[in-house]
> 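Mind having a look at this structure? Questions to follow.
Side-chain atoms are counted along with the backbone in the values below, which use heavy atoms only and exclude waters and symmetry mates.
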Amino acid sequence: MAAPKKSVVGPLVGAVVQGTNSSHFLVFNSKTAELLSHHQVELTQEFPKEGWVEQNPKEILQSVYDCIEKTCEKLNELNIDISNIKAIGVSNQRETTLIWDKLTGEPLYNAVVWLDVRTQSTVENLSRKIPGNNNFVKSKTGLPLSTYFSAVKLRWILDNVRKVQKAVAEGRALFGTIDSWLIWNLTGGVNEGVHCTDVTNASRTMLFNIHSLEWDKELCDFFEIPMNILPNVCSSSEIYGLMKDGALEGVPISGCLGDQSAALVGQMCFQEGQAKNTYGTGCFLLCNTGRKCVFSERGLLTTVAYKLGRDKPVFYALEGSVAIAGAVIRWLRDNLGIINNSEEIEKLAKEVGTSYGCYFIPAFSGLYAPYWDPSARGIICGLTQFTNKSHIAFAALEAVCFQTREILDAMNRDCGIPLSHLQVDGKMTDNKILMQLQADILHIPVVKPSMPETTALGAAMAAGAAEGVGIWSLKPEDLSSVLMERIEPQIKATESDIRYSTWKKAVMKSMGWVTTQSPKSIDSAIFSSLPLGFYIVSSMIILIGARYISGLP
C-alpha cells in the first residue's frame with residue numbers, strides 16, 4: 001500500500017538557480033516560504049588559454065535536468081506530492097554568453113563565462129569609436145564598456161567562430177544568456193521552445209536600452225550584432241511557457257531574474273534605499289533606487305532591479321560588482337591545494353585569527369567596481385618568513401570584505417544616505433569568520449537571514465506571483481517574515497580604517513600588470529631602446545659561442 005502523502009499547506013514553487021560553479025533546484029512552500037527540498041550539482045569550468053573561462057552549455061542543461069529529477073525524488077521520499085508544484089522560476093549567472101543552432105539545438109560554441117577577459121583588445125578597439133563627449137553606450141545601458149558584459153563576448157564569437165558565422169548567415173543562430181538557453185530547452189527546444197529573456201538579464205548585455213526597455217538599434221549597430229538573433233524581452237514575472245519533459249511536465253515557467261536581482265527580491269528589498277550583498281563566485285552589492293535610474297560618479301553600475309509583471313513598473317538598482325569572492329576559495333583549493341574543501345578555510349583562518357600583515361588582491365580577471373581596470377592581476381603581498389597558509393587563508397577572506405567596503409563606500413557617496421546595516425546572503429555567509437570580518441571592516445552590523453538561499457527564494461517569488469499563477473502574494477503584509485542573525489562589529493573604527501588603507505595601498509600595486517601588446521611587439525619595443533654597443537657585444541658573444549660549440553679554435 002502506498003505511503004500516505006505528507007500534508008503540506010499551500011501550493012509549491014520550484015526554483016532553478018544556475019550559477020557559475022553549480023546548478024541547484026529548490027522547492028518552497030508558497031504560503032510560508034519554507035524550503036522543502038533541494039539538490040545541487042557542481043559544474044566544471046574550462047580555461048583553454050590564460051584569461052579565458054568557458055563552460056559546456058550541454059553540461060549546464062543536463063545539470064539542471066538532474067537537479068529537478070533528484071529534487072522530485074527527494075520530495076516523493078518525504079511523501080510530498082510533486083503535483084503541488086504549480087510554477088517554476090529561473091535565476092542564472094548573468095552576462096555569460098552563448099549561441100546555439102535553433103534547428104538542431106546544438107551549441108555552436110562553449111558558453112563564454114562572465115569572468116572571461118579574452119575580449120580586452122575588442123573593448124579597446126570599441127572604446128576608440130565612442131565620441132569623448134557622448135558616451136551613448138553608458139547613457140543607454142548604465143554600464144561601462146568592459147569585458148564583463150555580453151555584447152563584447154558575442155562580438156568576439158561572431159568574429160572568431162566560423163560555425164557561428166555560417167549559422168548567422170543562414171538564419172539558424174540564436175543568442176542568449178544562460179536563462180534564455182535554459183528556458184528555450186525546458187519549453188521544448190527545437191520543438192517550439194520559447195526564445196526569451198527578462199529585463200534584468202537583458203540589461204547586462206550592453207545591447208538593451210534600460211530607459212525604453214527594448215533592444216537598441218544604435219547599440220546593436222555599434223557592436224555589429226544582428227538583431228534577429230536576440231531573444232524576446234519579457235518582464236521578470238509572467239508565464240513564458242510550460243515544461244515539456246520530465247517529472248514536472250506541464251508546469252509553467254513563470255519567473256526569470258538574473259541571480260543578483262533574484263537575491264534582491266528574495267531579501268525583500270522592495271523599498272528605495274534597501275540593499276543586499278550576495279557572496280557567491282563574485283560579490284554583488286545592489287541598492288534599490290526605485291523607479292529612477294541613478295548614475296554613479298564612482299564606478300558603480302546602473303541596472304534593472306526587477307519588473308514583476310508585464311503591466312508592473314520597472315525598478316532600478318545601483319550595483320557594485322566584485323569579480324572574485326568565493327572563486328578565491330575555489331582557487332586556494334584547486335590551484336594551490338592548501339584546502340581540500342571550501343569549509344576548511346574557516347578552520348585555517350581561525351587558527352591564526354589574523355593575516356599577520358599579508359594582503360591578498362584576487363584580481364584574477366582584472367578589477368571590477370569601483371576601478372574597472374582590466375590590466376590588474378592578483379597579488380599576495382606583505383609576506384615574511386613567518387607567513388604560512390593559514391595567514392593566506394585569512395587574507396583571502398579579508399579580501400572579500402575589503403572589496404565589499406570599497407563598493408559600500410562608493411554606494412554611500414552616490415546615494416547620499418549611508419547604509420546603517422548590510423543585508424547579506426549566499427553560501428559564503430555560512431562562514432562565521434567571514435561574517436565577523438565583514439562587520440569589523442565595514443564597522444556596521446551585518447544582517448544575515450536564517451535561510452541563505454535568497455536567490456532561489458526570489459526566483460520562486462517571481463514565479464509564484466505571476467499573472468495566471470497567483471499563488472505567492474508580494475503584498476508587504478503577506479510576505480513571510482524571515483528570522484535574521486545580526487553580527488555586530490567587534491573592533492575599533494580606527495583599527496578598521498588602518499587595515500583598509502593598507503589594503504588600498506596593495507590594490508594600487510596590482511594595477512597595470514598586463515597590456516594587450518603582443519610579446520613580439522613588446523620585445524621590439526625593448527630592443528629598440530637598447531644602445532648600439534649592446535648589439536656589438538651580443539653579436540661577439542653569439543659568434544664566440546657558435547665557434548666553441550662547433551669545435552673551431
> Will you find, in the side chains of Glu54 and Tyr109, an N or O donor that is under 3.5 Å from an N or O acceptor?
yes
> Any side-chain heavy atom of Tyr306 within less than 4.5 Å of one from Lys312?
no
> For Lys427, look at atom NZ and say whether over 12 heavy atoms of other residues, nucleotides or ligands are found less than 6.0 Å away.
no
> Side-chain polar contacts of residues 326-338 - donor-acceptor pairs under 3.5 angstrom, sequence neighbours left out - could you list them?
residue	atom	partner	partner atom	Å
Arg330	NH1	Asn21	OD1	2.5
Arg330	NH2	Leu43	O	3.1
Arg333	NH2	Glu42	OE2	3.3

> Trp52 vs Phe47, test: ring-ring contact (aromatic ring centres under 6.0 Å, His included). Steps then yes/no.
CA-CA 5 Å; Trp52 292 30; Phe47 307 96; over 10 Å; no
> For residues Val53 and Trp114, determine if any side-chain heavy atom of one lies less than 4.5 Å from a side-chain heavy atom of the other.
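When only atoms from C-beta onward are counted, Trp114 and Val53 do not touch, as no gap falls below 4.5 Å.
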> Atom NZ of residue position Lys129 - does it have more than 12 heavy atoms of other residues, nucleotides or ligands inside 6.0 Å?
yes
> Taking CD in Glu297 as the centre, count heavy atoms belonging to other residues, nucleotides or ligands within less than 6.0 Å. Is the count above 12?
no
> Does a side chain donor of either Asn125 or Arg128 reach within less than 3.5 Å of an acceptor in the other side chain?
yes
> Applying ring-ring contact (aromatic ring centres under 6.0 Å, His included), which residue pairs with at least one partner in residues 158-179 are found, sequence neighbours left out?
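Output for this query is empty, none listed.
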> Checking Asp409 against Tyr500: is there a side-chain donor and acceptor pair closer than 3.5 Å?
yes
> Does the side chain of Leu207 reach to within under 4.5 Å of the side chain of Ser150, using non-hydrogen atoms?
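A side-chain contact is absent here, since even the closest heavy-atom pair is not under 4.5 Å.
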> With the side chain counted from C-beta on, respond yes when Val137 and Phe222 share a heavy-atom pair under 4.5 Å apart, and no when they do not.
yes
> Does any donor atom in the side chain of Ser203 or Thr303 lie under 3.5 Å from an acceptor atom in the other side chain?
yes
